[in-house]
There are 2 protein chains.
Amino acid sequence: MNHSEINQNIVVALDIVILTIKDNLLKVLLTKRTIEPYIHRYSLPGGIVDEKLSLDEAAKNILKRDTNISDAFLEQLYTFGDLNRDKRGRTISVAYYALIDYSKLNLIPSKKYDEIGWYSLSDIKKMKFAFDHDKIIQIALDRIKNKIEYTNIAFQLLPEKFTLAELQQIYETILETSIDKRNFRKKIAELDMVVELNEYKKMGRMRPAQYYKFKERTKETILKANKWV
Amino acid sequence: MNHSEINQNIVVALDIVILTIKDNLLKVLLTKRTIEPYIHRYSLPGGIVDEKLSLDEAAKNILKRDTNISDAFLEQLYTFGDLNRDKRGRTISVAYYALIDYSKLNLIPSKKYDEIGWYSLSDIKKMKFAFDHDKIIQIALDRIKNKIEYTNIAFQLLPEKFTLAELQQIYETILETSIDKRNFRKKIAELDMVVELNEYKKMGRMRPAQYYKFKERTKETILKANKWV
DNA sequence: CCAAAAGTGTTACAAGTACACCCATGA
DNA sequence: TCATGGGTGTACTTGTAACACTTTTGG
């Protein structure tokens, strides 16, 4: 079969679940659609894939376009390919998810959207979404909840310098549990992934908290060794 | 943007890494191409996605077409979207992987292929592949190696009745380790996922081995609880 | 009675969990 | 001096790993 003979009518879109933590809440970047279909519903940042870009490049471009961030953690999530996802015609969406440090953020409003903003999980429960974007978000949340357990991706949500309480808060927020402070610190020390700095965060009239930084900021690392079952 | 105005020239393909275990070796189903491009190289079963089928349906169809199996474990793996994957034009491939019980197998030879067959990991190392199919296989192997640790997917590689030695062999083959027999049996018993049968497998002049079956044959189950880090 | 794989428990070690008090600061 | 979050160690429980012998069968 020659490629030019293929008469396949599928549009390839790409959507990104961009996550951050602000005020101890996990938040998703969403836009409110101003055009049909699904006008006035919320949707993920995304677009049609430019055929001259690889999927990873296309994802980077969208992230840059909507957040002005170009070095975040960005990973493919899943490809959504049900029929009738999009009323306009057959469309599959390659979904990605990104984790960004809120302090690095610089939102770029787009003409296409009248609202672009961060919404917490409790906001999301009440909202109506375009396409299957609620499902995409749910799968992204499941993924990060799972992945934070055995990798160091929590890094991506923090600035260069952070306190151990801040790091712990990231875990608690994502896993929706509380963690014992002493056990947490013991484990982090064992993992040998952070270095203490000689700087302290002053917070009102409390004892200042020591700042730490990650040894390897960018690289995703598997922390847990495999056991056989 | 109206869908009909989109002039995007990307072909959506779908490839499946079909895995089984035979003679204590993990094997992949491959075909040798008889047409250009990549003539005489090995490739995964797959094809162009029919726009009238969802991705999951398309994957099922291909699995059925090439193995005549319709109830196997089949899960989306990853979507490969680099430029120049296919010399003929821009193509992305939504890859799936499947685990099947070799004893259920009934290969359907296709005109398109002059050889369709099972190849072990040691075979694969020496072979030349079409497209990026070597990369796809590697990612499927990584996935199953990881997933066998915390789910019951090993089920899918065994027939209804099996002995504990056979189950253990599946784990040993996939994880490429040896496991202590007593510890393995203890763990399997704790997981409460198998039931003993009053049937025994006779094997020459050795003591017969008791047959077991899985409690829930079809459902994928998460076996390991999440810890916080 | 021999060869071959099936089957079975206990001990030692590592990892995870639970838990309570002192410290440093600014108001 | 007091209120607040930062910072620390130890005992207990659970899970994992190491290890050797008896059983059943057919030839």
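So that the names make sense, note that chain A is the first sequence line, chain B the second, and so on, each numbered from 1. Atoms considered below: every heavy atom in the structure, side chains included; atoms not considered: hydrogens, waters and symmetry mates.
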Min side-chain heavy-atom separation Met127(B)-Tyr119(B) under 4.5 Å
yes

[X] side-chain N/O to [Y] backbone N/O, donor-acceptor pair under 3.5 Å:
X         : Y        : result
Asp132(B) : Arg85(B) : no
Glu57(A)  : Ser54(A) : yes
Asp23(A)  : Leu25(A) : no

Students often mix this up, so state it plainly: with edges at 30° and 60°, are the rings of Phe155(B) and Phe214(B) parallel, tilted or perpendicular?
parallel

Could you tell me how the ring of Phe131(A) sits relative to the ring of Tyr38(A): parallel (under 30°), tilted (30 to 60°) or perpendicular (over 60°)?
perpendicular

Atom pair distance, as rounded to whole Å: [atom1] in [X] and [atom2] in [N]:
X         : N       : atom1 : atom2 : answer
Lys186(A) : dT17(C) : NZ    : C1'   : 8 Å
Leu175(A) : dT17(C) : CG    : P     : 12 Å
Tyr212(B) : dA6(C)  : OH    : C1'   : 10 Å
Asp180(B) : dC13(C) : CG    : P     : 17 Å
Tyr211(A) : dG7(D)  : OH    : C1'   : 17 Å
Leu191(A) : dG16(C) : CG    : P     : 9 Å
Phe184(B) : dA17(D) : CZ    : P     : 14 Å
Gln169(B) : dA5(C)  : CD    : C1'   : 13 Å

The residue among Val28(A), Asp134(A), Asp66(A), Thr31(A) that forms side-chain contact (heavy atoms from CB on, under 4.5 Å) with Leu44(A) is Val28(A)

By nearest-heavy-atom nucleotide on DNA chain C, the more 5' of Tyr200(B) and Gly204(A) is Tyr200(B)

Could you check whether the side chain of Arg182(B) and the base of dA6(C) have a donor-acceptor pair of N or O atoms closer than 3.5 Å, going by distance alone?
no

Tabulated below should be each protein N or O lying under 3.5 Å from an N or O of nucleotides 3-6 of chain D; please produce it.
residue: dG6(D); atom: N7; partner: Lys181(A); partner atom: NZ; Å: 3.4
residue: dG6(D); atom: N2; partner: Arg207(A); partner atom: NH1; Å: 3.3
residue: dG6(D); atom: N3; partner: Arg207(A); partner atom: NH1; Å: 3.4

Is Lys187(A) near enough to dG16(C) that one of its side-chain N or O atoms lies under 4.0 angstrom from OP1 or OP2?
yes

